[in-house]
Peer 1: 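Structure provided below as structure tokens; questions to follow.
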Amino acid sequence: MSVCGAARFRGSVARILQQHRAVCSHTSGSSTEGIREKLQAFPGGSVELRKQRDSGVALLTLNNPARRNALSGSMMLDLEQRLCELETWTEGRAVIVQGAAGTFCSGSDLSAVRAIANPHDGMKMLSCGDVSGRLPLISVALVEGRALGGGAELTTACDFRLMTSDAVIQFVHKHMGLVPGWGGAARLVRIVGSQNALKLLSGARKVDPDTGKQMGLVDEVLHCSSGEGEALCQAERWLGPLIQGPAPVIQAVKRVVVSGRELPLDQALQTERSVFGTVWGAPANLEALALKPKHK
Ligand SMILES: CCCC(=O)SCCNC(=O)CCNC(=O)[C@H](O)C(C)(C)COP(=O)(O)OP(=O)(O)OC[C@H]1O[C@@H](n2cnc3c(N)ncnc32)[C@H](O)[C@@H]1OP(=O)(O)O
């Protein structure tokens with residue numbers, strides 16, 4: 001390349017980088033604010049967080065029963081806020097995600113969806129509702145009633161799914177002219193394999209607990225005979241053996257498994273080494289060594 005050509009080339013690269021920076025700042029900063037304001041304009045319901053300090057289990061409840069716990073605009077923002085609170089809960093071990101009044105979540109609130117049904121707002125909305133990889137504790141979706149659309153996606157963001165015997169999970173996106181956008185498709189493929197994921201998404205198939213269990217989408221079916229609260233009690237009992245032990249160790253286990261699941265091998269190995277460094281010689285490790293345990 002001539003000197004002149006090289007200068008022109010450097011000039012073009014600089015221009016492209018400048019344009020790229022402009023696009024990035026547009027999509028991350030003020031425009032995210034724009035979507036926040038739009039979402040705030042669709043209030044209704046709430047996302048409640050109750051940290052049970054004695055057990056280290058948090059309850060995250062989608063609470064919009066008049067709309068079958070559809071995620072309103074303000075609930076999407078609430079959800080983000082609650083996840084931030086969970087991320088810094090150092091004494092936490094697990095979180096159970098549930099819906100109020102015996103049903104999980106009917107997806108995005110259709111009135112909000114209608115108001116922002118253009119590609120630009122849709123892309124920005126994703127930055128507010130994405131819970132993938134955000135749950136720092138062992139997470140369980142307790143599915144009673146229906147988990148539809150974005151609600152079905154939310155179940156895949158959890159490590160485990162427990163369903164009551166009459167519950168249904170359904171990725172209804174195709175019926176809405178959509179595909180998942182909050183990571184529900186990618187995670188579904190990892191959970192049930194691509195053949196099953198394709199069947200569930202392209203057929204918008206209703207998944208009952210038994211089918212879910214066969215596919216590996218559902219970890220346990222809960223048979224509840226008596227009333228309110230029984231499913232939650234059973235879910236807490238199911239979780240019990242997984243969360244025995246010191247919180248830092250449980251959180252470390254979660255981190256190595258998530259990195260193994262979601263990162264390329266070289267990065268996962270690196271993460272595992274650094275997480276190992278946080279538990280080796282730490283109080284729980286020293287206490288266990290002092291007890292001279294035998295694992296019979
Ligand atoms: C990227 C995100 C993709 C998405 O999530 S798009 C949204 C997908 N979800 C839907 O289309 C849900 C549509 N709703 C339904 O199929 C049914 O309402 C559902 C959930 C099976 C419940 O059926 P039922 O128990 O018979 O109750 P119902 O139909 O009378 O509903 C009770 C009230 O709740 C409302 N509702 C249910 N799901 C909603 C939603 N997603 N957004 C806004 N409002 C919703 C429903 O309109 C009804 O309200 P109203 O009492 O008529 O004022």
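Both counts, for ligands and for their atoms, begin at 1 and track the order of listing. Just so it is clear, the structure is predicted and the values come from calculations on it, not from any experiment.
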Peer 1: If the cut-off is 4.0 Å to any non-hydrogen atom of G149, which atoms of ligand 1 fall inside it?
Peer 2: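 Every atom of ligand 1 under 4.0 Å from some heavy atom of G149: 5 (O).
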Peer 1: Kindly indicate whether atom 42 (N) of ligand 1 is approached by any protein heavy atom to under 4.0 angstrom.
Peer 2: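 At least one protein heavy atom is under 4.0 Å away.
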Peer 1: Run down the list R114, M176, M125, R67 and name the one with the heavy atom closest to atom 35 (C) of ligand 1.
Peer 2: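 Nearest heavy atom to atom 35 (C) of ligand 1 lies in R67.
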Peer 1: Step by step, work out the side-chain hydrogen bond (donor to acceptor under 3.5 Å, both in side chains) result for S106 and R68.
Peer 2: CA-CA 6 Å; S106 61; R68 303 298 184 261; over 6 Å; no
Peer 1: Establish, from distance only, whether the side-chain atoms of T278 and R255 form a donor-acceptor pair under 3.5 Å.
Peer 2: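 No, R255 and T278 have no side-chain donor paired with an acceptor closer than 3.5 Å.
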Peer 1: Distance check, rounded to the nearest 0.5 Å: L39 atom CG versus D109 atom CG?
Peer 2: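 Output value for this atom pair is 10.5 Å.
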Peer 1: Indicate whether atom 33 (C) of ligand 1 is within a distance of less than 4.0 angstrom of some protein heavy atom.
Peer 2: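 Protein heavy atom within 4.0 Å of atom 33 (C) of ligand 1: present.
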Peer 1: Can you find a protein heavy atom under 4.0 Å from atom 21 (C) of ligand 1?
Peer 2: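 When distances to the protein are checked, atom 21 (C) of ligand 1 has a heavy atom within 4.0 Å.
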Peer 1: Within the structure, does S106 bring an N/O atom to less than 3.5 angstrom of an N/O atom in ligand 1?
Peer 2: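 Yes; at least one N/O pair falls below 3.5 Å.
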Peer 1: Test side chain to side chain contact (heavy atoms under 4.5 Å, CB included) on V140 and W238; report intermediate values, then the result.
Peer 2: CA-CA 10 Å; V140 174; W238 183 87; 4.3 Å; yes
Peer 1: Using a strict cut-off of 4.0 Å, indicate which atoms of ligand 1 neighbour a heavy atom of V172.
Peer 2: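 In order of number, 8 (C).
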Peer 1: Which residue owns the protein heavy atom closest to atom 40 (C) of ligand 1, what's the atom, and how far is it?
Peer 2: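 Checked against all protein heavy atoms, atom 40 (C) of ligand 1 sits closest to A70 CB, 3.5 Å.
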Peer 1: Can you find a side-chain donor-acceptor pair between E236 and Q52 that sits under 3.5 Å?
Peer 2: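 Yes, because at least one side-chain N or O of E236 sits under 3.5 Å from a partner of the opposite role on Q52.
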Peer 1: I need the nearest protein heavy-atom contact for atom 28 (P) of ligand 1: residue, atom name and distance, please.
Peer 2: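 Nearest neighbour among protein heavy atoms for atom 28 (P) of ligand 1, to 0.1 Å: R68 NH2, 4.3 Å.
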Peer 1: Tell me whether S108 has any N or O atom under 3.5 angstrom from an N or O of ligand 1.
Peer 2: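 Yes; at least one N/O pair falls below 3.5 Å.
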Peer 1: What do you think, any protein heavy atom under 4.0 angstrom from atom 11 (O) of ligand 1?
Peer 2: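 Yes; the ligand atom in question has protein heavy-atom contact below 4.0 Å.
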Peer 1: Under 4.0 Å from atom 5 (O) of ligand 1, is there any protein heavy atom?
Peer 2: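 Yes, because at least one protein heavy atom sits under 4.0 Å from atom 5 (O) of ligand 1.
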Peer 1: Would you check if the side chain of R82 reaches a backbone N or O of V47 as a donor-acceptor pair within less than 3.5 Å?
Peer 2: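 Here the side-chain-to-backbone pair exists.
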Peer 1: With a 4.0 Å cut-off on N to O distance, would you call R261 and D159 a salt bridge?
Peer 2: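 Between D159 and R261 there is a salt bridge, with a charged N closer than 4.0 Å to a carboxylate O.
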Peer 1: Tell me which protein heavy atom sits closest to atom 16 (O) of ligand 1, plus the residue, atom name and distance to 0.1 Å.
Peer 2: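 The closest one turns out to be L148 CD1, 3.9 Å.
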Peer 1: Going by the atom numbers of ligand 1, which of them fall below 4.0 Å from some non-hydrogen atom of G107?
Peer 2: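 Atoms satisfying the 4.0 Å criterion: 5 (O).
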Peer 1: Run the salt-bridge test on R36 and E80 with the 4.0 Å N-O cut-off and return the result as yes or no.
Peer 2: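 A salt bridge links R36 with E80.
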Peer 1: Report yes if R146 has an N/O atom closer than 3.5 Å to an N/O atom of ligand 1; otherwise report no.
Peer 2: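 Not met; the criterion fails.
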Peer 1: Stepwise, does the side chain to side chain contact (heavy atoms under 4.5 Å, CB included) test hold for L142 with V97?
Peer 2: CA-CA 6 Å; L142 170 56; V97 184; over 6 Å; no
Peer 1: Does the protein put any heavy atom within less than 4.0 Å of atom 25 (O) of ligand 1?
Peer 2: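 Given the 4.0 Å limit, the answer for atom 25 (O) of ligand 1 is yes, a protein heavy atom qualifies.
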Peer 1: Is atom 38 (N) of ligand 1 less than 4.0 angstrom from some protein heavy atom?
Peer 2: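 Yes, there is one.
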Peer 1: For M125 and W182: C-alpha separation, side-chain torsions, deciding distance, then whether side chain to side chain contact (heavy atoms under 4.5 Å, CB included) applies.
Peer 2: CA-CA 10 Å; M125 178 197 69; W182 281 318; 4.0 Å; yes
Peer 1: Test E153 against H173 for side-chain hydrogen bond (donor to acceptor under 3.5 Å, both in side chains), laying out the working first.
Peer 2: CA-CA 10 Å; E153 287 196 64; H173 302 72; 2.9 Å; yes
Peer 1: Where do R67 and S72 land on the side chain to side chain contact (heavy atoms under 4.5 Å, CB included) test, with the steps shown first?
Peer 2: CA-CA 9 Å; R67 293 184 170 183; S72 66; 5.9 Å; no
Peer 1: Counting from 1, what ligand 1 atoms have a heavy atom of L110 closer than 4.0 Å?
Peer 2: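 Within the 4.0 Å cut-off of L110, ligand 1 contributes 7 (C), 11 (O), 40 (C), 41 (N), 42 (N), 43 (C).
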Peer 1: Can a protein heavy atom be found under 4.0 Å away from atom 50 (P) of ligand 1?
Peer 2: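 Given the 4.0 Å cut-off, atom 50 (P) of ligand 1 does not count as touching protein heavy atoms.
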Peer 1: Side chains of T61 and N63: any donor to acceptor distance under 3.5 Å?
Peer 2: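 No donor-acceptor contact under 3.5 Å links the two side chains.
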Peer 1: G150 versus ligand 1: do any nitrogen or oxygen atoms come within less than 3.5 Å of each other?
Peer 2: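 Yes.
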Peer 1: Can you find an N or O of A66 that's nearer than 3.5 Å to an N or O of ligand 1?
Peer 2: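 For ligand 1, there is an N or O atom that lies under 3.5 Å from one belonging to A66.
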